[in-house]
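A quick write-up on the structure given underneath.
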Amino acid sequence: MRLTQGTFSFLPDLSDAQIRAQVDYCLGKGWAVSVEYTTDPHPRNTYWEMYGMPLFDLRDAAGVMDVIDSCRQAYPEAYVKVNAFDASHGWESLRLSFLVNRPANEPGFHLVRSEEKGRNLRYTTMSYAVTGARS
Amino acid sequence: MSEAAARLDAATGSSELLDLDGLYRQSNVDTALAALEGELVGLIPVKTRVREIAALLLVEKLRRSIGLEADPPPLHMSFTGNPGTGKTTVAMRMAAILHGLGYVRKGHLVAVTRDDLVGEYIGHTAPKTREVIKRAMGGVLFIDEAYYLYRPENERDYGQESIEILLQAMENHRDDLVVIFAGYANRMQTFFGSNPGLASRVAHHIDFPDYTDDELFAIAERLAAGMQYELSASARAALHEYIALRRAQPNFANARSIRNALDRARLRQANRLFAERAAGITREALVTLEGVDLRASRVFQARSVTP
């Protein structure tokens, strides 16, 4: 199952040149770009691992591309995303976040039913990548 | 006809005229060169070298535009000269020139010293240096007093690690980064001598000569005009004497010493005006630096004590 998450999620995967152009746009706006990765792509999982510190004071995308490449090499089977944080007053939040790497095999999610009191059913989604059940 | 020449002929038609002048005007390099020429006093050898480099890069760009292939020209430089001879200023202009010619994408200057590159404990240096390199990408990395990176007397010094990472970046990111090493001439020589890998990657060595007394006076006039001050006749005479005296004293830093002297003269002028405030102050008095403002300097006192 192809994961769709973040900006550009319904487009085909961005090429390196397109990623560079996006990062250049972010840096031009003065946003701090950071790279994060995870093996648990649940949509509610907001705590991805940081790959290095956020990159402050950059002027050119080359530095970010460097970090993206080394993250992809270190974790080829993880999801990797690029975040752009706007620190300006009134925003102080992420302005852009998109995937730049996905594993070759994306197992997707399964549904867990749990029976509650009074014949109620509760549903939750779990990533196969976390439970390791199916591939 | 050789094979390469035949290829060239096929590619362009060898007699066709190419518009070097058009490329020059469109690249905005002339404004950067004019700024270099107009804003900086003296420094003739430096200006000549910068012009030569700009011409080389421009011709290289023209060659590439008609499909002639050559490795991109090496751009890493070393600026040597005494303090206050304008190394940082020229580096800034250089960044603008390289940007105008499209050799660096953003054209900003990141000025660092040893403190910004070398860490305090094991494992701290590499990320620190890499971060600085990332910041400088797309622009020019200016390493002031670069020889402090290498301390042969301490074999456990982290500077060497920083140099190795720099070398790697200069090699792998040739399109992203231009590095300028700066410092005093003789110490830079030992630095390059003990780091042959670094020396062989630095293509352009530019030496910054000391300013003459007349050039320093011209610089002082420009600085004063820039701060909207005027020098009275007595101040001019005092300044001429000041320059000659200051040069003989230790820690003379060329244009920087002159700037400091003017800053202190402003301070004394303000004090003087404040003391005379009861009499009322004219606009002229407000913009004029007098001889007494300069002559109160320690530099003159030293002379009166010594003989």
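Predicted model only: the values in this text are computed from it and were never measured. Letters go in sequence order (proteins before strands), and every chain restarts at 1.
Shown here is A:M53, whose CE atom has no more than 12 heavy atoms of other residues, nucleotides or ligands within 6.0 Å. For A:L111, the CG atom counts as densely surrounded, since its 6.0 Å shell holds more than 12 non-hydrogen atoms of other residues, nucleotides or ligands. Other residues, nucleotides and ligands contribute only 12 or fewer heavy atoms inside 6.0 Å of the CD atom of A:E115.
Taking the salt bridge (charged side-chain N to carboxylate O under 4.0 Å, His left out) definition, one finds that A:R113 meets it with nothing, sequence neighbours left out.
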Between chain A and chain B, identify every pair of one donor and one acceptor N or O atom lying under 3.5 Å apart.
residue: A:D24; atom: OD1; partner: B:K106; partner atom: NZ; Å: 3.1
residue: A:D60; atom: OD1; partner: B:R105; partner atom: NE; Å: 2.9
residue: A:D60; atom: OD1; partner: B:K106; partner atom: NZ; Å: 3.1
residue: A:D60; atom: OD2; partner: B:R105; partner atom: NE; Å: 3.3
residue: A:D60; atom: OD2; partner: B:R105; partner atom: NH2; Å: 2.4
residue: A:D66; atom: OD1; partner: B:H173; partner atom: NE2; Å: 3.4

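Ranked by heavy-atom pairs under 4.5 Å with chain A, the list B:G139, B:G138, B:A136 is led by B:G138.
Neither the backbone nor the side chain of A:V64 comes within contact range of chain B; no heavy atom of the residue lies under 4.5 Å from a heavy atom of that chain.
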